Structure formats: structure tokens, C-alpha cells
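Below is one structure; the comments refer to it alone.
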2 protein chains.
Amino acid sequence: MATIYDVAALAGVSPATVSRVFNGITVSAERSERVRAAAERLSFIPNRTARTLRKQSSEVIALIIPDIENPFFTALARGVEDVAQASGYSVVLCNTDEDAEKEARYLDVVVSENMAGIILAAASDLVNLTDLTRRGRPVVAVDRSLPEVDTVTVDNVAGGRDATRALVEQGFQRIACITGPTGRTTAEGRADGWREVLMTMSAAHVDPDRYLRYADFRVEGGHAAMVDLLNLPEPPDAVFVANNLMAVGALRALIEHDLTPPLVGMASFGDLPFATLSPRGVTVIPLPARLLGEAAAQLLIERLQGDDRPRQAIRLGNPA
Amino acid sequence: MATIYDVAALAGVSPATVSRVFNGITVSAERSERVRAAAERLSFIPNRTARTLRKQSSEVIALIIPDIENPFFTALARGVEDVAQASGYSVVLCNTDEDAEKEARYLDVVVSENMAGIILAAASDLVNLTDLTRRGRPVVAVDRSLPEVDTVTVDNVAGGRDATRALVEQGFQRIACITGPTGRTTAEGRADGWREVLMTMSAAHVDPDRYLRYADFRVEGGHAAMVDLLNLPEPPDAVFVANNLMAVGALRALIEHDLTPPLVGMASFGDLPFATLSPRGVTVIPLPARLLGEAAAQLLIERLQGDDRPRQAIRLGNPA
DNA sequence: AGCCTAAATGAAATCGATTTCAGGGTCAAG
DNA sequence: CTTGACCCTGAAATCGATTTCATTTAGGCT
């Protein structure tokens, strides 16, 4: 309720002086003290809306993610939050549910609330960021890269290779792959790594894509794809699953068919969330979610502080 | 970049008229059309900051939760989001990490950004909501009840009873309980239900609290508590765990000791997240997270629309 | 003592919307 | 033909901070 005008009146100074006190601009010790006392008495909380309107930018950064129920993204969010908090920014989390329309709506909100910047794991490769960039709002794409803007990702192809090689070394022959939606860069990259390894195997006289399934990065999708693979005349003896949730689904399918790993081999890109199974049997390619978030926030904050290097494309190593 | 003044100039009308067009106030069809065309050409996005400043309230509701990495709270968040979106509100998610100080900081942000209202799963029972309520911002406490404000919870005592009874019916004798931090209402309620059942059992000639452990609602806490219980001279033969994450930790401990349920009985308050284990062995008391979120959002929105009934305390039934 | 520089302060403009108030136009009833 | 009622419309005030610009004050140096 109390405004800087009230505080100013009570302290016997001008509103400008009150503003200066709260922004660390030199004010005589004696006045400064009077202002603080007055603010305290009125339990004054500065109105950020007015501040944002005048400064044309808030201290809030938006983090837009496609699935808030996926522990990968919440871990990433924790990373963003930690770094942002340390620099005095608040983070607001927006969940698009992999829906391009919801995403577009949130992007409008970002512009229209004058948020400082945005970290985006895009639901659609076709996001329109012109409203943002035209207004000079920095954008960092995380996990899923986007053209034109800074990007923080992992090496999906290498991860796919590592996972598949691990299965090969465990002696599996017919290695399937369950990946994400077609056209999604993370999904394609991981499948590419898998295919690459299989093609270079001497024994690969069959078309690997027979064992390739595109699903939706969700538990049910992984489950359905695994069931489908198990119903083949010659089912695979191992599977590389391209994300954590689909791995959960696939694992459930295997358990239902009494094929608990390592009866059938499994490798997952990203840790299995809250796994209670003993880790024997499932090979996990670590996906440093929190680090991704931290790096993205770091980069965004540098941009907010005026860094104008050319476009950065950071690729985090998989700490194999 | 474009403001209503630019749009007004291009359309040859006053800024007031532009505002009216975007707020559904009657404007002649012909002018309205000119305004829309102009806005389109300038790709005008209304500045919500200015709007909020003038209206003294934004269309954003804050959801403050203690642990964004707990699937229970993300499911709850989904419920809030769905209902809020449908009424035209955006949701911003704030993670307090069970830290009262972070929580207080976010509450200040809520005030200072003129957010419309707030849904709170409080980290501390001692939250100070006077700044909010004095300014007439509605507050709904969810999952964890608070005095003075509207509240949406489940019946914790009944849940604890049901879980414990289920273990009794499965023939277990020495039933332990791992609950949350002392003083947290949800933790105490669930433990009370457990104790109640044990006290009424004829065979309960021993003090049940010998088998009671207070942990932190997190995976590691559940694990440590379970290990501790297993190291007792006469370890329990079953355990009721008061939340999903601690259940994961306890389950891991049991598996490590080759006591996978049902070798040792287990009941969990709330679904095990992403369980890959076959459900045999672990009794689950369902916790309707999403429904909690929906109900809380529903109630908050009614308050925002002027509902002034006395304080509501909604208790969702456990769909046993 | 006098002059110059630098620091501290306040008045007023500004950010971009909403909303009150008053004026002007249209139409129907008397 | 006049009067009133009602609907559109625009001018201007308003929300609460920040910031420019001009002015005052203090202090240092010769």
C-alpha cells in the first residue's frame, strides 16, 4: 500500500531520494537513515510493476519447458534457478506440454511482461522469436538447439554411440532403438549415433531401421514402442531408449513380459528417474540436466550484462 | 515496441479507443476494424506491465511449492495450471526448496509484482501472510494447511490408518513408520493414523514409537531411516512411509538388504514415482495430486471473482 | 579568502496502459 | 420541433517507480 511518496513524506525528503536509497545511489548517511526508518515503519515494499514499466525490463527470467513432469526438466530448472538467484533474478517456470500454441502464448507473455530474458527448451523447431529478438531480449535455447540464438546442448550423437557400443560389448546382437518424435533434433541425433554403430558392425547385414521406433518422449510411448518391438517375429535382444521417461515405459513392458534386464539388454539416454531397480542390467548414459540449466542461465546472464560476442553454441561433454 | 499510441495514430483514433477495442468495450464496428488492422500491421502486443500498474493487479497467479523435483508437486502444478489457463490466468511456479527465507522472498515478489493471488504449499508454518492479506490478495494453502486462509488438503490421518491396516491385514506384526519433519502437519497426521491403528491392535503391548522415524520427505532421508530401522536388534517386518520420495529411498534400502517387498511389507502415502517394480509388494495410498491443484486453483479463482464466503477448508477424499 | 569541482538533492518528465468525465451525435417519444 | 436518454468518443488524470536536469551545498586548493 505504501509508496515511495508516503515514505518520502514521512522522512521529509523527495521521492527521488527514496528511490536512490533503495538503489544504492549515494545519499547522505543521515537522510538515508531517515528513509530506511520511514520505510520500515510503513512496511514499504517497492512496486516492481512501476519499476519495470519505467526501466523497460524486469528482473525476471522465463524458463519455458515442454514437460514439467519430466524430472530431467525439473533438474534443469533447479540449475537455472540456482544461478539466477545468485545474480538477483527470479525465475518463472512455464510449461508448454509440447504444445506450440501454448508456447507461443507464453512467449507473448514474456514480451508483454517485459521479462529480462528467456531460456527455452522449445516444443517446436518453428518457434517465432522475432518479437523477442527485435526487442533485444536475449534468448538461450537449452537441450534442444535453435538457429540464430545461443544454444546449450549435449552431444546427442556421441551419447547414442556410447549407449549402443555398451550394448554391443555386453554381447547383444539385435539392438533396437526407441527414440523421440521425428524431426526433433535430440531424437534424431541419438538415433543417428545408434545407427552409426550398428552400420559399422561387421554383423550388420540387416537394415537397422527395422528395429527403430519413433515415440513421444513419454512413458506410455516408450511402453507401446517396446511392446511393438517384442511382438516382432524376431524380437530384438536389446534396446537403446533415447530418454528417461520412455526408458521407464520400456522397462515396464519388459518386466511385464518377464524379460527384466539383463535378460533383454537396455541402455537409456539420461538417468532413470527414482530408479528402485538395482542398476545392474540397465546402462545409463548420464545427461547432466542440472549442468545444462546452470550453463544456460550463466550464458543468459552474461548476455543481460551486455556480453555481445557472436552466437554461442555450447556443447556439454557427457561425463562418461 | 509499438504502443497503443502508435496504433491510435495509425488508425486515426484516440488511445482510449484502442484500449477499448482490446478490452471488449463497445466501439463502432468501423473504428474497431481500423484499430485491429493497425495493431496487426505494427504487430502490437499490449504492455501488461502498464496495464498491471494501472489496474493494480495482474493476471498472474503464483504457485509456491517446496520441492519442484518431487513429482507430487509437479502433478499438483499441472492441476493448477489447467484450471488457471482455462480462466485466462498464467501461472508462475516458485520453488522454495523447503527454505523459509526463500519463501519469504518469493512472497515479497508476489506483492511487489501485483500478482492476482497465490497458492501456497508452505515451507514453514510460520509464514507471514499479512502483507498479502492486507492488500486483499487471496491466498489458498494447498496440501499443507495454514490458519486463517482457505485450505485444500487430504485426510492425512485416515490415509495413515488405511495404509497401516493394509499391512496388518497382510499379516505383518512389527510395523514401522517413516514420516516427515516434526511439526509438519502432513507428517504428524500420517504418523497419527499409523499409531492409532497400532494402539488398537490387541497385540500392541510394545510402544509403537520405538519404530517411528522422522525424516525429511526426501529420498536420502527415507533411505537413511530405513537403514536405521533395519539395524535394530529386532527390525520391523513392515514399514509405512509417509511420502513418495522417502518410499523410494526406503525401497532402495530394502533392495540393498535383499529384503525386496513383500519380504518386508511396505505401504506408501502417495504413488511411487515412475515405479518400474511390479506393484505387488507395495501398498499405495493414492494421493490425488492433480485434483488438489485443480481444487486449489478453482477456489482461488472464485475468490478472485469476488466470492466472499467465510474461510473454506476443503478436504479431498482419498479415492480408496 | 576566493574560486572551482564534485557531490547531494528536488522538481518534473517519463514509461504505457486504463478510466473518468464531459461533449457530441443519434434516435424516439411527446 | 423539442427534449431527453443513450451511446461513442477523446482529453486528460492516474498508477508508482526511475532518471534527467538544474540547483544547492560542501570541500579542497592556492
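Just the heavy atoms: all of them, side chains too, but no hydrogens, waters or symmetry mates, feed the values below. Here is the naming used below: chain letters follow the sequence lines, and residue numbers restart at 1 for every chain. The shown structure was predicted, so the numbers you read here are calculated from the model rather than taken from an experiment.
- To the nearest 0.5 angstrom, A/Cys94 atom SG is 9.0 Å from B/Leu93 atom CG.
- Contacts classified as side-chain hydrogen bond (donor to acceptor under 3.5 Å, both in side chains) and involving residues 120-131 of chain B (residues at least two apart or in different chains) are given here: B/Asn128-B/Thr130, B/Asp131-B/Arg134.
- Annotation: salt bridge (Lys or Arg N to Asp or Glu O under 4.0 Å) contacts of A/Glu40 (sequence neighbours excluded): none.
- With B/Asp150 as the fixed residue, the salt bridge (Lys or Arg N to Asp or Glu O under 4.0 Å) test singles out one of B/Arg311, B/Arg309, B/Arg303: B/Arg303.
- B/Val13 comes within 4.0 angstrom of the backbone, heavy atoms only, and of no base.
- Taking every heavy atom of residues 25-35 of chain A and every atom of DNA chain C, pairs under 4.0 Å involve A/Thr26, A/Val27, A/Ser28, A/Arg31, by number.
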List, with names and distances, any nitrogen or oxygen atoms from the protein found under 3.5 Å away from nitrogen or oxygen atoms belonging to nucleotides 26-28 of chain D.
none

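- Against DNA chain C, the stretch residues 39-58 of chain A makes heavy-atom approaches under 4.0 Å through A/Leu53, A/Arg54, A/Gln56.
- Boundaries of the chain A contact region on DNA chain C are C/dA8 to C/dG16, first to last in 5' to 3' order (nucleotide atom under 4.0 Å from a heavy atom).
- A 6.0 Å sphere centred on CD of A/Glu148 holds no more than 12 heavy atoms belonging to other residues, nucleotides or ligands.
- Counting non-hydrogen atoms under 4.0 angstrom, A/Thr17 reaches the backbone sugars and phosphates but no base.
- Shown here are the side chain to side chain contact (heavy atoms under 4.5 Å, CB included) partners of A/Pro66, two or more places apart in sequence or in another chain: A/Phe73, A/Thr96, A/Glu98, A/Ala121, A/Arg144.
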Would B/Tyr89 and B/Leu304 count as a side-chain contact (heavy atoms from CB on, under 4.5 Å) if you check the C-alpha gap in whole Å, the side-chain angles of each, and the deciding distance to 0.1 Å? CA-CA 11 Å; B/Tyr89 287 91; B/Leu304 288 173; 3.7 Å; yes
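- Partners of A/Arg20 according to the salt bridge (Lys or Arg N to Asp or Glu O under 4.0 Å) rule, which considers only residues two or more places apart in sequence or in another chain, do not exist here.
- By the side chain to side chain donor-acceptor pair (under 3.5 Å) test, B/Asn156 pairs with B/Arg190, sequence neighbours left out.
- In this structure, the side chains of B/Glu188 and B/Thr182 come closer than 4.5 Å at one or more pairs of heavy atoms.
- Atom CD of A/Glu101 is surrounded by 12 or fewer heavy atoms from other residues, nucleotides or ligands within 6.0 Å.
- If one axis is set at each end of the helix from C/dA1-D/dT30 to C/dG30-D/dC1 from five pairs, those axes are 40° apart, to 10°.
- Shown here are the side chain to side chain donor-acceptor pair (under 3.5 Å) partners of B/Arg41, two or more places apart in sequence or in another chain: there are none.
- Here the options are B/Ile4, B/Leu10, B/Thr3, the test is side chain to side chain contact (heavy atoms under 4.5 Å, CB included), and the partner is B/Asp6; only B/Thr3 passes.
- When only modelled atom types and interatomic distance are considered, A/Thr49 and A/Thr52 share no side-chain donor-acceptor pair under 3.5 Å.
- Comparing A/Thr3 and A/Arg20, the nucleotide of DNA chain D nearest to each residue sits closer to the 5' end for A/Thr3.
- Checked against salt bridge (Lys or Arg N to Asp or Glu O under 4.0 Å), B/Arg51 has the following partners two or more places apart in sequence or in another chain: B/Glu59.
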